[in-house]
Amino acid sequence: LGIGEKKLDELLWQLEMALLESDVALEVVEEIKREVKKNLLGMSRKEAKEAVERALKEAISNILKQSEGDFFSQVEKAEKPYVIMFVGVNGSGKTTAIAKLAHMLKKKGYSCVIAAGDTFRAGAIEQLERHAKNLDIKLIKHDFGADPAAVAYDAIEHAKARHKDFVLIDTAGRMQTNINLMEEMRKIKRVANPDMIIFVGDALTGNDAIEQARRFNEVVGIDGVILTKVDTDAKGGAALSIAYAIKKPLYFIGVGQDYDDQIPFRADWMMERIFG
Amino acid sequence: NFGDALKSAFRKIANAPFIDKSLIKEVVRDIQRALIAGDVNVKLVLEVSKRIERRALEEKPLPGMSNREHVLRILHEELASILGKGRELPLKKQRIMMVGLYGQGKTTTCGKLAKLFQKKGMKVALIAGDVHRPAAYEQLKQIAESINVPVYGGGKTAEKTVKEGLEKFSKYDVIIIDTAGRHALEDDLIKEMKNVAKIANPDEKILVIDASVGQQAGKQAKAFNDAIGITGVILTKMDGTAKGGGALSAVAETGAPIVYIGVGEHMEDLEKFDATRFLSRLLG
Ligand SMILES: Nc1nc2c(ncn2[C@@H]2O[C@H](COP(=O)(O)OP(=O)(O)OP(=O)(O)O)[C@@H](O)[C@H]2O)c(=O)[nH]1
Ligand SMILES: Nc1nc2c(ncn2[C@@H]2O[C@H](COP(=O)(O)OP(=O)(O)OP(=O)(O)O)[C@@H](O)[C@H]2O)c(=O)[nH]1
Ligand SMILES: [Mg+2]
Ligand SMILES: [Mg+2]
């Protein structure tokens with residue numbers, strides 16, 4: 001007689017808890033459970049017991065597979081200047097991620113221009129100025145309160161004129177519930193016409209990660225993701241939630257505050273973290 | 001969405017002629033899902049739901065109370081007992097130290113608190129105790145200028161900056177100390193925080209936590225509390241969609257009440273904490 005649904009639920013319970021405690025959003029965990037149960041129903045109890053962990057890992061790696069991608073193979077052959085716009089909610093680590101990427105690009109021999117597109121928050125322009133100075137990279141900025149789209153445009157014109165390889169556009173943090181700020185983000189995209197829009201997510205985030213990624217994707221379209229603060233011992237289940245929500249490559253994870261603390265994302269590393 | 005999960009749970013129970021064990025189990029499962037989706041700590045959810053299940057079966061509904069009201073009342077009581085009441089900061093001469101993880105809103109909240117005390121007629125000053133983040137002093141300086149409050153900063157170490165700032169502002173009523181973001185595993189930053197707390201001997205040590213923080217909330221809150229002792233919690237970014245379930249763990253681990261919530265980026269975006277409103281929002 002095949003294993004029943006109730007028994008299957010019991011088998012899955014521990015693994016379900018492990019995922020939830022790793023900050024995988026509830027909606028994603030329930031979808032994974034549905035997938036696994038579909039594959040296990042009808043097996044004998046003994047077979048199911050042996051297959052359950054493997055089936056779970058397979059369901060998860062299928063989600064993560066959709067978010068694998070190599071940043072450099074994506075950009076190296078592309079026409080230059082290659083324009084990247086960074087977006088995300090307040091405090092997620094956008095400005096720091098830009099500095100780290102600029103550092104990485106410079107080490108690989110590329111030239112960069114950074115656009116100080118956060119003209120709203122106290123000290124935002126100065127924060128980028130400090131990074132640009134540390135890294136010896138050109139920063140384009142306007143006055144506090146200026147139009148972010150104008151700063152982006154200015155930086156792109158500069159990059160074209162001086163044959164720079166990359167333009168990295170910083171933007172202000174914003175809540176996906178703020179209609180005006182979502183509209184402002186759309187406007188910056190319209191003016192800058194970026195080659196890539198990167199969503200910067202915070203590994204400390206719980207279930208809201210899905211909501212954020214979905215909404216930002218709806219408004220401007222996300223091409224890639226960077227997940228920050230993975231070094232804070234957050235298991236990083238948000239990686240799974242975001243991958244599930246928008247199915248876009250997770251290019252890098254942030255593992256600290258230094259310029260070298262941003263490394264390529266690998267699915268097997270994530271599996272090890274959740275199950276290891 | 002989980003507001004619907006709970007509505008359906010209570011529809012089941014409302015239409016039942018009497019409460020039985022399997023129905024309660026079903027309703028509790030829906031409650032669990034709502035709480036987990038709201039970022040409440042998973043182990044805490046399991047604990048609370050066991051209690052709700054037991055009480056729903058053992059206790060008689062109060063006279064005139066429907067099945068649904070019976071379970072809802074128990075649910076609210078259980079969560080409210082963890083959360084406690086809000087507490088506003090007293091209007092007295094004091095030093096307030098702000099701590100927390102990266103990007104939670106500490107620096108911004110320093111400004112909001114400063115504005116709040118200033119409006120009540122007190123002499124307020126700010127100390128830029130974050131010497132690590134690029135332009136942290138600059139950020140606090142601009143915030144201070146916008147609300148017309150003096151600020152001290154620019155020292156080489158956090159300890160030195162705080163010591164000098166306290167000397168400079170000795171005649172002030174309320175001194176608010178900003179500190180750098182840090183997390184539990186960074187020994188030297190935890191040590192720095194302990195040193196600053198020793199030097200400043202603050203009346204209030206406030207843990208600033210983002211409403212969207214997930215399962216890490218309790219663990220990190222415990223680490224901050226073990227290090228310096230937390231006296232209050234401020235939950236920021238409640239103007240988003242996040243439910244703030246992590247706050248339950250932060251309160252449970254620190255024993256400290258929530259003192260305010262942040263509802264935006266401007267200096268006036270600070271509200272008193274209302275436990276009832278928080279819970280009805282958490283439960284969708
Ligand atoms: N530990 C750790 N901290 C990080 C990481 N990435 C960013 N941070 C810290 O997070 C805080 C916020 O970083 P920012 O780069 O200012 O974040 P942001 O998204 O630009 O913030 P807003 O512009 O205000 O929305 C800073 O203290 C950073 O040092 C990371 O990977 N690990
Ligand atoms: N929408 C919203 N944004 C907020 C709130 N509180 C702070 N912020 C924003 O969150 C971001 C981070 O705020 P900060 O005050 O720099 O955070 P922090 O804790 O000092 O960051 P670190 O010093 O890097 O650890 C900024 O963009 C703030 O404007 C809030 O209640 N609502
Ligand atoms: Mg920024
Ligand atoms: Mg700060």
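Numbers restart at 1 for each chain; the letters A, B, ... are given by sequence-line order, proteins then strands.
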* Asked: Is it the backbone or the side chain of B:Leu46 that comes under 4.5 Å from a heavy atom of chain A, or both, or neither?
  -> side chain
* **chain A interface, residue from B:Glu145, B:Arg133, B:Gln104 that has the most non-hydrogen pairs under 4.5 Å** =>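 With the most close heavy-atom pairs to chain A, the winner is B:Arg133.
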* Beyond-backbone contact of B:Leu101 with A:Leu204, side-chain heavy atoms, under 4.5 angstrom ->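 Touching, per the 4.5 Å side-chain cut-off.
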* Asked: Distance from A:Glu30 atom CD to B:Arg33 atom CZ, nearest 0.5 Å?
  -> 4.0 Å
* Structure fact -> Separation between CG (A:Leu181) and CD (B:Glu265), nearest 0.5 Å, reads 7.0 Å
* So which of A:Arg130, A:Gln212, A:Gln176 has the largest heavy-atom pair count under 4.5 angstrom toward chain B? -> A:Arg130
* Just give me the residue among A:Thr228, A:Asp231, A:Asn178 that pairs up with chain B most often, heavy atom to heavy atom, under 4.5 Å. =>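 Looking at each option in turn, the highest pair count goes to A:Asp231.
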* Check whether A:Gln257 gets within reach of chain B through its side chain, its backbone, both or neither, counting any heavy atom under 4.5 Å. =>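 Only the side chain of A:Gln257 comes within 4.5 Å of chain B.
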* Atom group of A:Glu211 that falls short of 4.5 Å from chain B, counting heavy atoms ->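 For A:Glu211, the contact with chain B is made by the side chain alone.
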* Asked: Under 3.5 Å, is there a donor-acceptor pair between the side chain of A:Thr177 and the main chain of B:Asp239?
  ->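 It does hold such a pair.
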* Looking at residues at least two apart in the chain, or sitting in another chain, which of them share a salt bridge (charged side-chain N to carboxylate O under 4.0 Å, His left out) with A:Lys33? ->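 Salt bridge (charged side-chain N to carboxylate O under 4.0 Å, His left out) list for A:Lys33, sorted by chain: A:Asp9, A:Glu16.
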Could you go through residues 149-158 of chain B and list every donor-acceptor pair under 3.5 Å that involves a side-chain atom there, pairing it with any protein atom two or more places apart or in another chain?
from     : atom 1 : to       : atom 2 : distance (Å)
B:Tyr152 : OH     : B:Glu164 : OE1    : 2.4
B:Thr157 : OG1    : B:Lys160 : N      : 3.0

* To do: Identify the residues of residues 176-186 of chain B whose heavy atoms come closer than 4.5 Å to a heavy atom of chain A, ordered by number, or report 'none'.
  => B:His183, B:Leu185, B:Glu186
Pairs under 3.5 angstrom only: tabulate donor-acceptor contacts from the side chains of residues 117-124 of chain A to other protein residues two or more places apart or in another chain.
from     : atom 1 : to       : atom 2 : distance (Å)
A:Asp118 : OD1    : A:Phe120 : N      : 3.0
A:Asp118 : OD1    : A:Arg121 : N      : 3.0
A:Thr119 : OG1    : A:Ala146 : O      : 2.7
A:Arg121 : NH2    : A:Gln127 : OE1    : 3.0

